[in-house]
Amino acid sequence: LAIYRRLHGNCDVPAEFVVPSSAPWPEELHGYRLGEQVYRLRRMKHLLSSNDMEQLEKVDMIWSAKRFHSDKIVRALLAYKAQHGNVEVPADFKVSHGDGRWDSSLWDMPLGQLVHNICNGRLHLISRSQFNALGLVMKQKPPPPALEDLRRALTKYFELHGHYHVPFDYVIAQKDENYEQFARGMRLGRLIDKIIRGVLFSEHQKEFEVMGISIDELRRTQVEKICAAFRCYKQCFGEKTLVTVDYVVPNDSTAYPESLWGLRLGRYIMDICLRGLFREYHDVLQAAG
């Protein structure tokens, strides 16, 4: 980490970073999966000894990459506002390398694209209040549908497909006359994903059971898919390769069964490891690796 910090100015090590076989890295570190190790240290921070913590703090260990990047974007927006009087950053704006008006740690930052993604909900960071205070206009998330509307949409999906295992990226087409008008455009796959995660309608499990939808069965099936996708991933990339948070099983991949295409494997693994998702299936998940 000390060498990485000296070379890059910080300890924001990408999860996929492997020490190269070249100077200034010592030979005994060549091929070391530093990114994976940093990821593991973040996950097991609460288990580290005070001495280990002290040593890591000396090299400015970054415990939250999301916080680090949020703070960096806030600093860039403050600098932009100081120069332009606002935060209306053009989508193609990029901080020029070597521009003395900017801190060198911000050079080459695609600030315009980052701001666009933040405002449109495509980049989820943890400084929302700071972004709002700076004047960024954040796109409001649409409210979830009423439970009865979701029930009717799911009933129709079942009639058409014979099951409730809705793919994550499934959206009811605007012109799909199989569905009532209110349901067209509904992101049904994302809604089911939230229900499985327990972040939407968790208090209405009995109502779903009356509809013939077993949330427990949906969760069990999702765990089976995650385990199957994880095994495929290891076969493709090696047993020791870390699954990055943004990894999604690619569509049309011959390495995965079609039923796994589009699965947000990295996000699920993060939630399992850090947030205790599917804790009732701990033994099954642990057996899968």
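Just so it is clear, the values below take in all heavy atoms, side chains as well, and ignore hydrogens, waters and symmetry mates.
Looking at heavy atoms from C-beta onward, L134 lies out of side-chain contact with N132 at the 4.5 angstrom threshold. The shortest side-chain heavy-atom distance between W102 and D108 does not fall under the 4.5 Å cut-off. By the 4.5 Å heavy-atom criterion applied to side chains, V89 and L77 are counted as neighbours. C11 has its side chain out of reach of V38: every pair of non-hydrogen atoms, C-beta onward, lies at least 4.5 Å apart. Using a 4.5 Å heavy-atom threshold, the side chains of W25 and P20 count as touching. By the 4.5 Å heavy-atom criterion applied to side chains, D60 and R5 are counted as neighbours. Side-chain contact between C232 and P257 is present, with heavy atoms from C-beta onward closer than 4.5 Å. Under the 4.5 Å side-chain criterion, counting only non-hydrogen atoms from C-beta, M53 is in contact with W63.
Remark: K225 NZ is packed, more than 12 non-hydrogen atoms of other residues, nucleotides or ligands lying under 6.0 Å away. Atom CD of E203 is surrounded by more than 12 heavy atoms from other residues, nucleotides or ligands within 6.0 Å. Within a 6.0 Å sphere centred on CD of E224, other residues, nucleotides and ligands contribute more than 12 heavy atoms. Remark: Q83 CD is packed, more than 12 non-hydrogen atoms of other residues, nucleotides or ligands lying under 6.0 Å away. Heavy-atom neighbours of E217 CD from other residues, nucleotides or ligands within 6.0 Å: above the threshold of 12.
The backbone N or O of D52 lies less than 3.5 Å from a partner atom in the side chain of S49, making a donor-acceptor pair.
The two residues Q130 and D71 come nearest to each other via the heavy atoms OE1-OD1, 4.3 Å. Taking each heavy atom of D149 and M186 in turn, the nearest pair found is O-CE, 4.4 Å. In this structure, N251 and G262 approach most closely via the heavy-atom pair OD1-N, 3.4 Å. Counting all heavy atoms, side chain and backbone alike, P26 lies closest to I3 at CD-CD1, 3.6 Å. Of all heavy-atom pairs spanning F131 and S70, the tightest one is CZ-O, 4.1 Å. Closest non-hydrogen pair, L265 versus I226, comes out as CD1-O, 3.8 Å.
Hydrophobic clustering, with ILVMFWY side chains joined whenever heavy atoms are under 4.5 angstrom apart, groups L147 together with L218. With hydrophobic clusters built from ILVMFWY side chains whose heavy atoms lie under 4.5 angstrom apart, I196 does not share a cluster with M270. Side-chain heavy atoms closer than 4.5 Å link hydrophobic residues (I, L, V, M, F, W, Y) into clusters, and following such links, possibly through other members, connects L56 to Y32. Residues L277 and V249 share a single hydrophobic cluster, defined by chaining ILVMFWY side chains whose heavy atoms lie under 4.5 Å apart. The hydrophobic clustering, which links ILVMFWY residues whose side-chain heavy atoms are closer than 4.5 Å, places F168 and L188 apart.
With rounding to the nearest 0.5 angstrom, the CZ atom of R75 is 4.0 Å from the OG atom of S105. I213 CD1 to Q205 CD: the interatomic distance, rounded to the nearest 0.5 Å, is 11.0 Å. The distance from atom CG of L136 to atom NE2 of H116, rounded to the nearest 0.5 Å, is 12.5 Å. Atom OG of S64 is separated from atom NE2 of H69 by 9.0 Å, given to the nearest 0.5 angstrom. Rounding to the nearest 0.5 angstrom, the gap separating the CD1 atom in I195 from the CZ atom in F208 is 3.5 Å. Separating the CD1 atom in I73 from the CE atom in M109 is a distance of 6.0 Å, to the nearest 0.5 Å.
R184 has no carboxylate O lying under 4.0 Å from a charged side-chain N of D176, or vice versa, which leaves the two without a salt bridge. Between R264 and D193, at least one side-chain N (NZ, or NE/NH1/NH2) sits under 4.0 Å from a carboxylate O, which counts as a salt bridge. Between E209 and K206 there is no salt bridge, since no side-chain nitrogen of the basic residue lies less than 4.0 Å from a carboxylate oxygen of the acidic one. A salt bridge does not link R220 with D216: every distance from a Lys NZ or Arg NE/NH1/NH2 to an Asp or Glu carboxylate oxygen is 4.0 Å or more. With respect to R267 and D271, a salt bridge is recorded, a charged nitrogen being found less than 4.0 Å from a carboxylate O.
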Using the side chain to side chain contact (heavy atoms under 4.5 Å, CB included) rule, take E88 and V115 through it: C-alpha gap first, then chi angles, then the decisive distance, then the call.
-> CA-CA 9 Å; E88 297 172 7; V115 168; over 6 Å; no

So F278 and Q222, side chain to side chain contact (heavy atoms under 4.5 Å, CB included) or not? Walk me through it.
-> CA-CA 9 Å; F278 302 133; Q222 199 71 345; 4.2 Å; yes

Test side chain to side chain contact (heavy atoms under 4.5 Å, CB included) applied to R42 and M61, step by step = CA-CA 9 Å; R42 288 171 179 159; M61 171 71 173; 4.1 Å; yes

Derivation of the side chain to side chain contact (heavy atoms under 4.5 Å, CB included) call for L1 and V13 | CA-CA 8 Å; L1 275 174; V13 187; 3.9 Å; yes

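Within the structure, side-chain hydrogen bond (donor to acceptor under 3.5 Å, both in side chains) contacts touching residues 278-289 (residues at least two apart or in different chains) are R219-E280. For residues 28-41, the set of pairs meeting the salt bridge (Lys or Arg N to Asp or Glu O under 4.0 Å) definition, not counting sequence neighbours, comprises R33-E36, E36-R40. Residue pairs meeting the ring pair (Phe, Tyr, Trp, His ring centres under 6.0 Å) criterion with at least one member in residues 133-159, sequence neighbours excluded, are Y157-H161, Y157-H163, Y157-Y170, F158-Y164.
The six-membered or imidazole ring of Y256 lies away from that of Y233, with a centre-to-centre distance of 6.0 Å or more.
Y179 does not carry R152 over the face of its six-membered ring by the limits of under 6.0 Å from the centre and within 45° of the normal.
Between F93 and H84, the two ring planes are perpendicular [angle over 60°; tilted spans 30° to 60°]. In this structure, Y247 and F237 have perpendicular ring planes: the angle between them is above 60°, well past the 30° mark.
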